[in-house]
Amino acid sequence: MKKILTANISGGTKISGYEALKKTLSMRPEEVAFMVERSGLRGRGGGGFPAGLKWKFLPQNSRGTIYLICNADEGEPGTFKDRHIMEFDPHLLIEGMVIAAYAVGAKQGFIYLRGEYGWIAKFLPKAIDEAVREGLLGDNILGSGFSFYIDVFRGAGSYVCGEETALIESLEGKPGRPRLRPPFPGTNGLYGKPTLVHNVTTFSCIPFIIQNGPDAFKAASSTGRGGTKLFSISGHVNKPGLYEYPMGTSLRELIYEAAGGIKGGKELKAVIPGGLSTPILRADEIDVSMDFDTLAAVKTMLGSGGIIVMDETVSIPRVAQKAARFYAHESCGQCAPCREGTAMIKLLLDRMVNGQGEQDDLDQVMRLCRYINGSTICAFGYAVSLPIAAMIRKFRNEFEALLENR
Amino acid sequence: MKEELKDIINRLAERFPEKESALLPALCYLQNRDGYVSEEGMKSVAVILDLPEARVFSTASFYSMLNLKPEGKYIIQICTNVVCTLLTENPLLEYISNSLGIREGEVTPDGLFSIKEVECLGACGYAPAMHINEERYENLTFESVDEIIGSIRKSELI
Ligand SMILES: Cc1cc2nc3c(=O)[nH]c(=O)nc-3n(C[C@H](O)[C@H](O)[C@H](O)COP(=O)(O)O)c2cc1C
Ligand code: SF4
Ligand code: FES
């Protein structure tokens with residue numbers, strides 16, 4: 001199998017590679033952008049938006065300021081991919097950012113690192129300094145006349161700051177509250193300037209694409225679209241961890257082959273396929289190709305690729321309760337449906353799990369999910385309502401049992 | 001003291017195209033220095049960065065890692081999100097609370113420890129996980145937790 005993201009790993013922060021950057025600097029910016037567009041690369045932050053299309057929303061051939069931001073806020077429960085790229089191969093990320101900056105004409109970049117990743121905050125700047133020392137970053141990169149700078153900005157604990165407009169607010173020294181769109185960051189981002197935001201893993205795919213071409217990237221997937229994908233697999237499996245597999249690998253293969261199957265020989269009950277915010281799948285639904293389109297067709301999402309595996313001992317209402325607590329805690333509070341809705345859902349699920357639920361509570365939670373869905377400023381609303389509604393729809397009998405046995 | 005803070009924050013501000021971006025780093029600096037972000041500290045930051053006090057307060061209170069009151073010298077941050085609690089039979093939070101004799105949000109009488117419940121730490125593959133200040137601990141068991149807390153206590157005796 002072809003590995004894309006680990007292509008440059010050479011242990012620690014030793015510099016190798018940057019071959020893609022050298023090639024980039026011999027091309028025209030629009031040629032670089034065209035290669036990324038043709039590769040079909042889609043954002044790895046959760047939304048799966050086509051990268052090439054996003055770049056087109058930026059001003060083209062402008063002499064004005066354009067900012068580049070790397071979203072390293074990784075807060076989606078079940079997800080730990082960006083962390084490992086930054087730990088084991090920070091130069092892959094740096095190289096990807098420099099290439100993207102060259103293509104879109106950005107001079108200044110920021111890595112917005114989640115506050116909890118303190119150990120990464122210590123050595124990422126060292127990797128940046130190394131790249132600067134080697135002439136791969138900073139003034140006049142490799143004598144090309146192109147200059148680009150990267151600074152690390154540390155968050156301070158907020159899930160919503162992973163949402164790109166909240167992240168921009170946070171970088172501006174404000175509470176991380178998402179902005180109403182339009183305008184989009186592509187025209188009005190950081191300090192009101194055009195801004196391109198990508199996830200760590202998205203940037204890290206770019207060196208491979210430039211070096212080996214868009215077709216090689218497509219060929220690395222099993223669907224002919226979209227390269228490889230990093231899956232962070234956790235929960236009741238024998239070998240939890242981070243795995244790079246072709247986009248489109250089946251969920252069954254990831255659980256039973258990559259992650260070594262269910263721990264302790266127990267039965268599989270359910271899987272959350274792409275981070276806590278993606279709708280749950282039952283054990284009989286895991287013969288599914290893990291790519292954006294197939295998962296959307298079965299009403300869930302690839303999301304961040306955080307696969308949470310649950311065995312037969314897990315109580316789904318308890319998982320729903322934990323999820324609801326998380327969302328109620330992390331809502332930024334700007335939109336009434338999200339603020340009040342998550343608080344109410346948490347209250348109702350708490351009371352159900354504690355054996356004090358009322359008959360109407362389940363329908364009430366479903367009504368609240370519908371009420372939140374689509375009526376909020378940011379996609380946090382979907383992140384709450386879709387997964388909780390799916391847990392109730394697919395495991396309704398477990399919730400009803402709580403109401404009957406109280 | 002004031003002059004020194006001014007120098008430090010101004011240096012932070014130089015890294016950014018607009019100095020308002022130095023607000024969060026400045027608040028983190030205060031927390032590192034004092035263990036928490038004091039009201040006096042926030043007022044100084046507002047003056048130095050030329051921002052309204054209300055802006056500084058609202059930013060400081062938004063982020064869960066910023067403490068607006070004194071905490072223990074060691075802040076034990078336990079993940080209680082989905083994966084960490086799937087794998088622990090008895091939640092770590094309860095175990096640590098019992099062993100330290102304090103609840104989440106409280107500080108031990110000797111000022112050494114406080115306990116905080118935190119959201120997913122990005123260690124789900126190595127669950128359960130916690131942080132103590134900036135240190136990260138993964139694949140925890142009750143025994144390893146005892147050991148970690150014990151060795152901190154020992155280091156404090158010297
Ligand atoms: C509530 C919420 C949380 C998010 N958290 C993250 C995150 O932690 N990391 C991330 O890369 N994207 C996150 N996103 C998606 C970003 O808004 C944005 O789409 C992404 O950074 C774009 O990068 P990409 O094009 O590379 O996917 C989040 C979105 C929402 C609505
Ligand atoms: S949906 Fe929730 S998190 Fe998003 S802006 Fe509204 S209140 Fe904030
Ligand atoms: S759920 Fe605890 S680290 Fe992710």
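Every chain is numbered from 1 and lettered A, B, ... according to where its sequence line falls, protein lines coming before strand lines.
Within the model, atoms CZ of A:Arg177 and CZ of B:Phe62 stand 5.5 Å from one another, a figure rounded to the nearest 0.5 Å. The distance from atom CD of B:Glu18 to atom CG of A:Leu171, rounded to the nearest 0.5 Å, is 11.5 Å. Put simply, SG on B:Cys120 and CG on A:Leu276 are 9.0 Å apart, with the number rounded to the nearest 0.5 Å.
Residues A:Pro77 and B:Val82 fail the side-chain proximity criterion, which asks for heavy atoms closer than 4.5 Å. Contact annotation: the side chain of B:Glu20 approaches that of A:Lys174 to within less than 4.5 Å [non-hydrogen atoms, C-beta and beyond].
Between A:Phe80 and B:Gly125, the closest heavy-atom pair is CE2-N, 3.2 Å. Heavy-atom minimum distance, B:Leu121 versus A:Arg114: C-NH1, 3.6 Å. Pairing each heavy atom of A:Cys161 with each of B:Tyr63, the nearest pair is SG-CE2, 3.7 Å.
When the candidates A:Met310, A:Gln108, A:Arg325, A:Glu74 are compared by the number of heavy-atom contacts under 4.5 Å with chain B, A:Arg325 comes out ahead. Interface summary for chain A: among B:Leu66, B:Val56, B:Leu23, B:Leu49, the most heavy-atom pairs under 4.5 angstrom belong to B:Leu23. Most heavy-atom pairs under 4.5 Å with chain B, from the set A:Ala259, A:Gly333, A:Gly235: that is A:Gly235. Listed options B:Ser61, B:Cys124, B:Ala127 were ranked by heavy-atom pairs under 4.5 angstrom with chain A; first place goes to B:Cys124.
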Derivation and outcome, side chain to side chain contact (heavy atoms under 4.5 Å, CB included), residues A:Ser170 and B:Leu24: CA-CA 8 Å; A:Ser170 180; B:Leu24 210 47; 3.7 Å; yes

Chi angles and distances behind the salt bridge (charged side-chain N to carboxylate O under 4.0 Å, His left out) call for A:Arg83, B:Glu138: CA-CA 14 Å; A:Arg83 150 190 177 178; B:Glu138 300 172 339; 2.8 Å; yes

Criterion side chain to side chain contact (heavy atoms under 4.5 Å, CB included) on B:Glu134 and A:Trp119, from CA distance to verdict: CA-CA 7 Å; B:Glu134 297 265 89; A:Trp119 75 101; over 6 Å; no

Audit row: B:Leu86, A:Asp311, side chain to side chain contact (heavy atoms under 4.5 Å, CB included) steps and yes/no: CA-CA 9 Å; B:Leu86 270 189; A:Asp311 74 17; over 6 Å; no

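Interface remark: A:Val237 contributes no atoms to any contact with chain B (heavy atom separation under 4.5 Å). Proximity to chain B (any heavy atom under 4.5 Å) is restricted, for A:Val314, to the side chain, taken from C-beta onward. Contacts of A:Arg154 with chain B are made by both backbone and side-chain atoms, with heavy-atom separations under 4.5 Å. Using a 4.5 Å cut-off between heavy atoms, B:Thr80 touches chain A through backbone and side chain atoms alike. There is no contact between A:Gln321 and chain B, counting heavy-atom distances below 4.5 Å. With a 4.5 angstrom heavy-atom cutoff, A:Thr79 touches chain B only via backbone atoms. Contact annotation for B:Arg15: both backbone and side-chain heavy atoms come within less than 4.5 Å of a heavy atom of chain A. Of the two parts of A:Tyr191, only the side chain, counted from C-beta on, holds a non-hydrogen atom closer than 4.5 Å to a non-hydrogen atom of chain B. Only the side chain of A:Phe110 comes within less than 4.5 Å of a heavy atom in chain B; its backbone stays farther off. Looking at A:Val152, the atoms closer than 4.5 Å to chain B (heavy atoms on both sides) all sit in the backbone: N, CA, C or O. Contact of B:Ala123 with chain A is made through backbone and side chain together, with heavy-atom distances under 4.5 Å. When heavy atoms are compared at a cutoff of 4.5 Å, A:Tyr117 approaches chain B solely by way of its side chain, counted from C-beta outward.
Here the side chain of B:Ser64 pairs a donor or acceptor atom with the backbone of A:Gly157 at under 3.5 angstrom. Under the 3.5 Å distance criterion, the side-chain polar atoms of B:Thr59 are matched with a main-chain donor or acceptor of A:Gly173.
Classification of A:Glu169 and B:Arg55 as a salt-bridged pair fails, no side-chain N sitting under 4.0 Å from a carboxylate O. Checked for salt-bridge contact, A:Glu172 and B:Lys19 miss the test: no charged N lies under 4.0 Å from a carboxylate O.
Listed by chain and residue number, nothing satisfies the salt bridge (charged side-chain N to carboxylate O under 4.0 Å, His left out) test with A:Lys322 (two or more places apart in sequence, or in another chain).
Using modelled atom types, one finds no donor on one side chain facing an acceptor on the other under 3.5 Å when comparing A:Ser234 with B:Tyr126.
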